[in-house]
Protein chains: 2
Amino acid sequence: MDAIDLSLVDLLRSNARLSYAELARQVGLSAPAVHERVGKLESSGVVRGYRADVAPEAIGLGVTALIGIVEDSGADSDDMLESLRVLPEIESCYFMAGVESFLLKARVGTIAELEQLIVRLNRTPGVASTRTAIALSTKWENRPQPVGPPAA
Amino acid sequence: MDAIDLSLVDLLRSNARLSYAELARQVGLSAPAVHERVGKLESSGVVRGYRADVAPEAIGLGVTALIGIVEDSGADSDDMLESLRVLPEIESCYFMAGVESFLLKARVGTIAELEQLIVRLNRTPGVASTRTAIALSTKWENRPQPVGPPAA
DNA sequence: ACTCTCCGTGGACGCCATCGACCTGAGCCT
DNA sequence: AGGCTCAGGTCGATGGCGTCCACGGAGAGT
């Protein structure tokens with residue numbers, strides 16, 4: 001992970017569809033060199049994948065909610081995790097410090113679907129209680145912050 | 001937005017670097033047709049961009065926190081938004097229903113940097129109080145949920 | 001029925017991805 | 001010091017891809 005790798009990561013975070021040739025021009029290497037570096041970044045787990053950033057409302061996911069989960073005393077967090085993982089509406093899942101063990105970001109199409117999700121969560125073994133906060137609007141999300149010395 | 005567009009969006013959400021030729025094979029159209037469809041999805045705002053998914057710890061962002069902000073009564077939310085927008089550590093910003101007007105997801109390298117961020121937030125005009133919860137680990141994040149009828 | 005429009009296909013051409021061979025410099029062993 | 005080795009780069013070649021263009025068919029409106 002030298003400065004060139006950081007530049008590559010930065011470039012790919014802002015536009016994952018840049019060609020290797022274009023990346024090469026930006027960092028001042030040849031295309032095969034960039035190809036190899038990016039390959040190593042991928043196989044070492046630094047770059048986990050490439051995602052299109054899609055407007056959620058455009059694909060019928062207009063409701064965003066953040067849900068905190070308090071665990072039963074004695075509940076097994078790993079079991080709970082597996083229960084949460086199978087719910088596709090849960091886009092993100094953080095294990096938190098504090099009373100609420102988990103914080104979920106969920107996206108659904110309608111408030112009715114959100115209600116169903118919350119009911120399902122409360123029925124999940126190990127869940128003592130949930131607390132849901134609805135996002136009225138997403139100002140921005142997953143904004144890549146510049147990394148390392150930006151002026152390469 | 002027909003079924004083919006949804007398939008394209010789905011494919012690009014799971015791998016944004018797929019070639020047009022490959023996309024074309026998957027959806028049963030020619031490459032130019034796919035190229036045009038994707039171009040329209042981009043210019044209509046459905047596809048907002050393409051991002052590499054990078055392991056945050058690998059680029060020195062090992063600390064994740066979620067911060068709720070309570071506004072002063074009479075504060076201007078738009079002004080506050082602009083104040084928040086210039087803080088690069090804030091990766092996501094939601095305008096919420098509830099006592100806390102904003103919910104931020106921030107990522108920093110160290111707890112000390114988190115402390116500085118919180119201090120800065122509390123000094124920001126319009127901020128009455130903040131509440132910070134630290135994520136001990138990120139189980140998953142921004143998992144794309146399948147959209148539409150998956151069996152195309 | 002005619003035509004307009006939308007949306008697709010097929011062909012062409014230049015650029016890109018990717019492989020292999022070779023080069024260079026750093027570090028290390030003798 | 002000299003030379004081995006290896007990591008990591010450049011260069012050149014080739015096959016596939018991106019992208020532009022002209023053309024064609026289905027469906028709607030008059």
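All chains are named by letter (A, B, ...) in the order of the sequence lines, taking the proteins before the strands, and each is independently numbered beginning at 1. Side chains included, hydrogens not; waters and symmetry mates left out as well; all remaining heavy atoms used.
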*Step by step, would you call A:Leu41 with A:Met1 a side chain to side chain contact (heavy atoms under 4.5 Å, CB included)?*
CA-CA 8 Å; A:Leu41 288 170; A:Met1 275 296 277; 3.7 Å; yes
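- Nucleotide C:dT18 holds its P atom 13 Å from the CD atom of A:Glu36, rounded to whole Å.
- Applying the side chain to side chain contact (heavy atoms under 4.5 Å, CB included) rule to B:Ser129 yields the partners B:Val70; only residues at least two apart in sequence or on another chain are considered.
- With rounding to whole Å, B:Ile4 atom CD1 is found 18 Å from C:dC6 atom P.
- Under the 3.5 Å distance criterion, with hydrogens and angles disregarded, no donor-acceptor pair is assigned to the side chains of A:Gln26 and A:Ser7.
- Looking at B:Phe95 and B:Leu81, their side chains never come closer than 4.5 Å, going by heavy atoms from C-beta outward.
- For the pair B:Asp5 CG and C:dG8 C1', the computed distance is 13 Å after rounding to whole Å.
- Out of D:dG9, C:dC16, C:dG8, the shortest distance to the side chain of A:Arg25 is found at C:dC16.
- A:Leu104 is listed as a side-chain neighbour of A:Leu121, based on a closest heavy-atom distance under 4.5 Å.
- Between B:Lys105 and A:Asn142, the closest side-chain pair of non-hydrogen atoms falls below 4.5 Å.
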Please tabulate the protein-to-nucleotide N/O contacts below 3.5 Å involving nucleotides 18-22 of chain D, giving atom names and distances.
residue: D:dG18; atom: OP1; partner: B:Tyr20; partner atom: N; Å: 2.8
residue: D:dG18; atom: OP2; partner: B:Tyr20; partner atom: N; Å: 3.4
residue: D:dG18; atom: OP2; partner: B:Ala21; partner atom: N; Å: 2.9
residue: D:dT19; atom: OP2; partner: B:His35; partner atom: NE2; Å: 2.7

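- Counting to the nearest Å, the C1' atom of C:dT18 and the CG atom of A:Leu23 are 15 Å from each other.
- To the nearest angstrom, C1' of C:dG8 lies 10 Å from NZ of B:Lys40.
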